[in-house]
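This chain uses plain numbering: 1 for the first residue, then up along the sequence.
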Amino acid sequence: MFLTWSSFNNIRMLLMACMPVVIFYLIWLVNTSEEIRSEEGTLLDLVCWPDGNAIPVIIACGSIVAVVIELYGLYQLFKAGLPKREYNVTNGLYYYVWALIIIIIIFLAIMFYSGLQSTIIRAKIKGGITKAMLRYSTHLPSKVAVDRLQSRFHCCGRVNYQEWFFIPWYTAGQSTDVSSLSVRKFVADNVPYSCCSMNVMWPCIHHGVMQIGTIYKYDPLQHLTIWEDGCEEKLIGEMMSVSWRFNSVMSLIIIAMILQIIAVRYLHTAYKNGLHVGNQITCEAYLLRSNTDTKVVAGTKKKVYKRRRFRQARTLQWVTATYRPKRCTTSSESDFNSSDELLKPIYE
């Protein structure tokens with residue numbers, strides 16, 4: 001591929017115009033990961049620590065490093081349009097290409113880790129919510145986690161609200177264990193206040209949920225004043241949607257970076273071959289060196305080496321050769337006598 005200065009400059013300006021868009025999405029990743037960590041991540045962290053902070057923090061760190069690399073590349077592309085005597089960016093463009101390759105590998109590793117972690121989190125969420133519900137009356141962090149989870153996702157219990165009927169959540173000091181759910185011993189038809197629905201226009205009945213009330217004309221068969229859905233599927237669905245959102249944006253960024261690598265590599269090779277604002281010629285640019293180019297270069301070196309050896313042998317022969325006086329046909333005998341007279345005082 002051959003590039004002229006106009007095509008070189010057009011590719012350079014196009015890259016400089018597209019790089020702020022990539023930087024914007026990288027900053028969006030940092031901002032969104034922080035929001036996820038402070039909201040859904042905190043809830044997930046209370047249920048199964050430390051999975052709520054791991055993925056958002058890794059994404060934020062990788063995005064910050066990518067922003068720094070993009071700013072560095074933007075600076076190098078800006079200097080590529082200046083005279084080469086003052087600003088030589090051959091090494092800068094080369095380092096920028098390798099930095100993009102490294103950040104792409106990091107993003108692919110983050111996407112793989114996110115997909116693997118989402119499978120592990122599904123199993124942890126099930127046991128984490130159950131454990132927090134069993135410790136609701138004796139462990140304050142578990143109570144806070146369950147209340148925030150139910151209020152945030154409009155849910156009640158792990159699978160449904162009836163799980164609270166078999167947990168003594170309102171009896172302070174009474175210890176429970178995991179085996180109590182397998183026995184299924186009924187305690188009371190009560191649920192925590194965080195299960196109250198905000199979509200109804202009458203008072204919340206969370207004690208005696210299955211009993212008909214005459215005061216408020218409450219009938220559980222017709223309508224309930226609490227959330228009926230479980231929290232497990234809603235929390236998992238939220239985590240999966242967040243993961244897909246992150247992975248889709250990172251996939252677009254990876255595609256943009258691959259295109260940047262190709263374009264910057266062509267600019268780097270053309271710039272290395274001498275194309276710049278002070279030398280606006282047509283130069284060869286390549287993505288990868290081919291075998292034919294390597295053979296031509298090797299053949300050129302071989303010719304140069306033979307020529308050098310020929311010159312060295314010629315010089316050595318000139319130094320070591322014995323002087324043989326040749327018969328001069330143009331000079332007269334008087335000229336030889338005059339030269340002998342001139343050299344005679346020197347030898348004497």
Side-chain angles (χ1 to χ4, degrees), residues 1-32 59-111 246-300:
M1 179 178 180
F2 292 91
L3 291 180
T4 60
W5 172 250
S6 60
S7 59
F8 179 91
N9 198 33
N10 291 335
I11 295 174
R12 185 180 69 89
M13 296 300 294
L14 182 62
L15 283 174
M16 293 179 65
C18 294
M19 287 171 67
V21 179
V22 179
I23 294 174
F24 170 78
Y25 280 104
L26 289 172
I27 295 175
W28 180 87
L29 277 179
V30 176
N31 188 25
T32 306
I59 293 175
C61 294
S63 301
I64 292 173
V65 175
V67 169
V68 176
I69 292 174
E70 289 292 330
L71 292 175
Y72 172 78
L74 188 62
Y75 175 66
Q76 295 298 324
L77 290 175
F78 172 75
K79 291 199 305 181
L82 301 177
K84 194 172 183 179
R85 293 181 178 178
E86 301 176 3
Y87 304 98
N88 191 350
V89 295
T90 304
N91 294 331
L93 294 177
Y94 179 76
Y95 296 149
Y96 176 57
V97 170
W98 277 107
L100 287 177
I101 294 174
I102 292 173
I103 201 64
I104 286 174
I105 295 174
I106 291 175
F107 273 13
L108 290 175
I110 291 175
M111 293 173 62
F246 278 140
N247 290 340
S248 60
V249 174
M250 284 192 291
S251 299
L252 294 177
I253 292 175
I254 287 173
I255 294 173
M257 286 184 175
I258 291 174
L259 297 177
Q260 286 180 0
I261 289 173
I262 297 173
V264 174
R265 177 58 177 169
Y266 281 119
L267 295 182
H268 168 252
T269 52
Y271 192 86
K272 185 179 180 181
N273 290 332
L275 180 61
H276 55 89
V277 67
N279 188 22
Q280 299 182 8
I281 59 175
T282 302
C283 284
E284 183 183 2
Y286 52 86
L287 186 63
L288 296 173
R289 284 188 179 274
S290 61
N291 294 328
T292 57
D293 297 336
T294 307
K295 291 179 181 179
V296 170
V297 174
T300 305

[X] and [Y]: which non-hydrogen atoms are nearest, and at how many Å?
X: Gly73; Y: Met19; result: C-CE, 3.6 Å
X: Cys283; Y: Ala270; result: CB-O, 4.1 Å
X: Ile103; Y: Ala66; result: CG1-CB, 3.7 Å

Euclidean distance, [Y] [atom2] relative to [X] [atom1], rounded to 0.5 Å:
X: Leu77; Y: Met13; atom1: CG; atom2: CE; answer: 10.0 Å
X: Leu275; Y: Leu267; atom1: CG; atom2: CG; answer: 9.0 Å
X: Leu108; Y: Ile254; atom1: CG; atom2: CD1; answer: 4.0 Å
X: Ser63; Y: Leu26; atom1: OG; atom2: CG; answer: 5.5 Å
X: Asn9; Y: Leu3; atom1: CG; atom2: CG; answer: 11.5 Å
X: Leu93; Y: Arg265; atom1: CG; atom2: CZ; answer: 10.5 Å

Quiz item: Is atom CZ of Phe24 surrounded by more than 12 heavy atoms (other residues, nucleotides or ligands) closer than 6.0 Å?
Solution: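 No, CZ of Phe24 has 12 or fewer neighbouring heavy atoms, counting only those of other groups under 6.0 Å.
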Quiz prompt | Stepwise side-chain contact (heavy atoms from CB on, under 4.5 Å) test for Ile253 and Trp28 | solution = CA-CA 12 Å; Ile253 292 175; Trp28 180 87; over 6 Å; no
Below 4.5 Å, heavy atoms only, C-beta onward: do [X] and [Y] meet side chain to side chain?
X: Lys84; Y: Asn279; value: no
X: His276; Y: Leu82; value: no
X: Thr4; Y: Gln280; value: no

Quiz item: How are the rings of Phe8 and Trp5 set relative to one another: parallel (under 30°), tilted (30 to 60°) or perpendicular (over 60°)?
Solution: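 Judged by the thresholds at 30° and 60°, the geometry between Phe8 and Trp5 is parallel.
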Quiz item: Please walk me through it: do Tyr266 and Ile11 pass side-chain contact (heavy atoms from CB on, under 4.5 Å)?
Solution: CA-CA 9 Å; Tyr266 281 119; Ile11 295 174; 5.7 Å; no
Quiz item: Do Ile261 and Ile104 pass the side-chain contact (heavy atoms from CB on, under 4.5 Å) test, and can you show the C-alpha distance, the side-chain angles, and the key distance before you say yes or no?
Solution: CA-CA 10 Å; Ile261 289 173; Ile104 286 174; 3.6 Å; yes
Quiz item: Given Val89 and Tyr75, is the side-chain contact (heavy atoms from CB on, under 4.5 Å) satisfied, shown in steps?
Solution: CA-CA 10 Å; Val89 295; Tyr75 175 66; over 6 Å; no
Exercise. Give me the one residue out of Gln260, Gln76, His268 that meets side chain to side chain donor-acceptor pair (under 3.5 Å) with Tyr96.
Key: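 The side chain to side chain donor-acceptor pair (under 3.5 Å) with Tyr96 is passed solely by Gln260 among Gln260, Gln76, His268.
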